[in-house]
Amino acid sequence: MKDMTIKQMYRQDGHFVNEKISVSGWVRTVRASKNFGFIELNDGSFFKNLQVVFDENLENFKELAKLTVGSSLRISGIVVESPGAKQPFELKADSIEIEGHSTSDYPLQKKSHSFEFLRTIAHLRPRTNTFSAVFRVRSLVAFAIHRFFQERGFVYVHTPIITGSDAEGAGEMFRVTTLDMENPPRNEEGKIDTSRDFFGKESNLTVSGQLNVETYCMAFRNVYTFGPTFRAENSNTTKHAAEFWMIEPEIAFADLDDYMDLAEDMLKYIIAYVLENAPEEMEFFNKFIDTTLLERLNNVASSDFVRVTYTEALELLRKSGEQFEYPIDWGSDLQTEHERYLTEKIFQKPVFVTNYPKDIKSFYMRLNDDNKTVACADLLVPGVGEIIGGSQREERLDVIEAIMKEKGLNQEDYWWYLDLRKYGGTKHAGYGLGFERAIMYITGMANIRDVIPFPRTVKTAEF
RNA sequence: UCCUCAAUAGCUCAGUCGGUAGAGCAUGCGGCUGUUAACCGCAGGGUCGUAAGUUCGAGUCUUACUUGAGGAGCCA
């Protein structure tokens with residue numbers, strides 16, 4: 001007798017008919033009548049369920065007929081072709097062992113629940129169709145990202161989660177400390193004496209691995225980090241979480257166009273990988289979450305992304321005649337409404353917006369010859385907005401020092417970062433992809449809380 | 001942090017003009033020989049988010065607070 005997964009059975013359609021096999025899994029629904037019944041079993045290996053037929057010949061038939069949703073079973077029987085239209089085959093059970101009962105207060109029903117309710121039972125929601133699909137796709141996307149970079153010879157660098165540099169400037173940070181919160185040591189001025197903290201200085205959770213990964217870029221040429229990052233922003237939106245994952249590749253001897261080429265290839269690669277390896281899940285999203293999803297993703301795979309400069313983008317917005325709440329003004333950042341209009345109305349596909357004014361961008365972005373803009377590019381996609389931000393980095397020591405001065409940054413805090421410009425610095429570029437935003441884009445899910453197993457947002461850390 | 005909306009049974013919701021609580025699903029029990037969110041019958045299940053106020057009387061009106069959702073800002 002073969003111990004099988006439901007995935008094996010579906011992927012080798014019909015191959016096991018008339019064979020005796022065993023499976024184990026959880027009850028999704030039971031439909032029993034007087035002398036026989038049906039169990040929908042999900043074993044976790046596959047999006048679809050296996051229909052199990054059981055009848056009164058089983059010694060525990062009465063007990064089985066009263067099974068509640070969520071119970072776990074071990075079943076053996078013969079695979080037979082199914083007379084029902086909704087499944088190609090089913091399992092005719094000759095023994096069903098109840099491994100774990102589920103009590104009658106099991107909160108998941110055989111109907112759809114609101115995402116808001118399911119967030120309150122984050123420990124049970126992976127058992128639902130939607131979350132089963134989301135988190136299998138999340139796993140596949142993570143693998144596809146690694147495979148994409150590894151195939152191209154990139155080195156995976158584990159940048160630190162705890163950082164001692166307090167000047168990364170990407171947002172509010174979470175403090176890491178072992179000092180006694182009730183009674184912290186104080187220095188002569190009465191301030192908290194961070195020299196007596198664990199690291200001998202103030203430390204925080206990282207907001208970005210970029211500065212660290214650039215150092216490895218100057219040794220390995222092409223590198224990437226892929227790990228968690230933390231932002232303590234008081235941000236209450238569908239697209240922000242306090243803990244999220246980022247992919248940050250960095251490529252040496254490369255400019256802005258090389259970065260955009262790489263990012264575009266990467267996104268297309270990931271989408272193709274997921275469409276090939278999770279067709280059932282993607283079909284489910286297309287049917288129940290976002291009916292334009294597959295059309296959109298196929299369109300992305302087969303067409304080139306748009307590339308416009310910030311200045312051109314402003315011109316397009318101005319010429320559109322659309323009334324915007326915020327003014328279109330050279331020098332200020334694009335607002336959400338502007339980004340959405342560009343990617344959703346004007347182009348209806350992913351758009352790189354390049355060469356923003358230097359004053360609204362980070363110090364490490366390479367200054368263009370016009371002395372007004374920097375060599376950066378944000379990738380905007382319909383529905384989600386910005387999912388990638390990146391730039392060519394400033395490799396000229398004198399220029400980056402001048403910009404840091406202009407932005408009021410303390411050069412001593414960046415001494416090791418600036419060393420990269422002294423010791424064989426090269427042209428290089430890199431970007432950051434918000435992992436969860438990519439998942440949202442690929443699945444059509446609208447809220448970041450529903451693509452993270454246990455989301456961390458303002459005032460929420462129950463699980 | 002700002003703006004808007006919401007909170008009634010385990011879930012999803014209805015509740016008229018202010019007059020004292022309803023449905024479907026779920027759960028329990030019973031029925032049913034091929035079901036597909038099975039179907040049919042019966043039953044149990046409520047401090048109407050919290051606190052105060054107006055009123056003879058508040059799920060319904062007012063205020064504050066709490067929680068959630070959507071949008072904005074910040075960003076990925």
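Since the model is a prediction, treat every value here as computed from it, not as a measurement. Hydrogens, waters and symmetry mates play no part in the numbers below; they use all other heavy atoms, side chains included.
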Next on the checklist: Run A:Gln150 and A:Tyr224 through side chain to side chain donor-acceptor pair (under 3.5 Å) and show every step you take.
Outcome noted: CA-CA 10 Å; A:Gln150 296 285 339; A:Tyr224 69 106; 2.9 Å; yes
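If you take atom C1' in B:A37 and the same atom in B:C25, they sit 9 Å apart, rounded to whole Å. Nucleotides B:G70 and B:G59 are separated by 25 Å at their C1' atoms, to the nearest Å. Straight-line distance between the C1' atoms of B:G45 and B:G24: roughly 15 Å, to the nearest whole Å. Rounded to the nearest Å, the gap between the P atom of B:C42 and that of B:A26 is 15 Å. Nucleotides B:A6 and B:G15, compared at atom P, are 13 Å apart to the nearest Å. Comparing the P positions of B:C5 and B:C61 gives a spacing of 13 Å, expressed to the nearest Å. Comparing the same atom, C1', in B:G44 and in B:G28 gives a spacing of 8 Å after rounding to whole Å. The separation of B:G18 from B:C2, taken at their C1' atoms, amounts to 35 Å, rounded to a whole angstrom.
A:Leu67 has its CG atom 16 Å from the C1' atom of B:A26, to the nearest Å. Atom pair A:Leu118:CG and B:G68:C1' shows a separation of 14 Å (rounding to whole Å applied). Here B:C11 presents its C1' atom at 16 Å from CZ of A:Arg119, a figure rounded to the nearest Å. Atom CG in A:Leu108 sits roughly 11 Å away from atom C1' in B:A26 (whole-Å rounding).
Each of A:Lys459 and A:Gly434 lies near RNA chain B, and the nucleotide nearest A:Lys459 is the one positioned closer to the 5' end. Along RNA chain B, the nucleotide nearest to A:Glu386 and the one nearest to A:Val458 differ in position, and the one closer to the 5' end is contacted by A:Val458.
Remark: A:His428 NE2 to A:Gln392 CD distance equals 9.0 Å, nearest 0.5 Å.
The base of B:C75 is paired with the side chain of A:His240 by a donor and an acceptor separated by under 3.5 Å. In this model, no side-chain donor or acceptor of A:Asp105 finds a partner on the base of B:U27 within 3.5 Å.
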Per-nt protein contacts along nucleotides 32-37 of chain B (heavy atom under 4.0 Å; B base, S backbone sugar-phosphate only, - none) come out as BBBBBB
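Across all strands shown, B:A43 forms a Watson-Crick or G-U wobble pair with B:U27, both key distances being under 3.5 Å. In this structure, B:A72 forms a base pair with B:U1, meeting either the Watson-Crick or the G-U wobble geometry with both donor-acceptor distances under 3.5 Å. Pair check for B:A14 finds none; no Watson-Crick or G-U wobble contact set falls under 3.5 Å. Shown here, B:G53 forms a base pair with B:C61; the pair counts as Watson-Crick or G-U wobble because both key distances fall under 3.5 Å. The partner of B:A6 is B:U67, judged by Watson-Crick or G-U wobble contacts that both fall below 3.5 Å. Pairing for B:A38 is absent, judged as Watson-Crick or G-U wobble with the two contacts each under 3.5 Å.
Contact check, A:Gln335 against B:G73: a side-chain N or O comes under 4.0 Å of OP1 or OP2. Of the side-chain N and O atoms in A:Ser104, none sit less than 4.0 angstrom from OP1 or OP2 of B:A26. Between A:Ser235 and B:C75 there is no side-chain polar atom (N or O) within less than 4.0 angstrom of OP1 or OP2. Remark: A:Arg449 is not in phosphate contact with B:G68, judged by side-chain N or O atoms under 4.0 Å from OP1 or OP2.
Comparing B:G73, B:U1, B:G68 against the side chain of A:Asn234 picks out B:U1 as the nearest. With distances taken from any side-chain atom of A:Glu339 to the nucleotides B:G68, B:C75, B:A72, the minimum falls on B:C75.
Taking a cutoff of 4.0 Å between a charged side-chain nitrogen and a carboxylate oxygen, A:Arg125 and A:Asp450 qualify as a salt bridge. Looking at A:Lys34 and A:Glu56, no side-chain N of the basic residue comes within less than 4.0 Å of a carboxylate O on the acidic one, giving no salt bridge. Salt-bridge formation is not detected for the pair A:Lys287/A:Glu280: no Lys NZ or Arg NE/NH1/NH2 atom is positioned less than 4.0 Å from an Asp or Glu carboxylate oxygen. For the pair A:Lys20 and A:Asp94, the salt-bridge criterion is met [side-chain N within less than 4.0 Å of a carboxylate O].
Using a 4.0 Å heavy-atom cutoff across all strands shown, A:Phe244 reaches at least one base atom of the nucleic acid. Backbone-only contact: A:Glu116 has heavy atoms under 4.0 Å from sugar-phosphate atoms and none from a base.
Side-chain contact, A:Tyr364 with A:Glu214: no donor N or O sits under 3.5 Å from an acceptor N or O.
Crowding of A:Glu81 atom CD: a count of heavy atoms from other residues, nucleotides or ligands under 6.0 Å not exceeding 12.
Classified by interplanar angle (parallel below 30°, tilted 30° to 60°, perpendicular above 60°), the ring pair A:Phe230/A:Phe174 is perpendicular.
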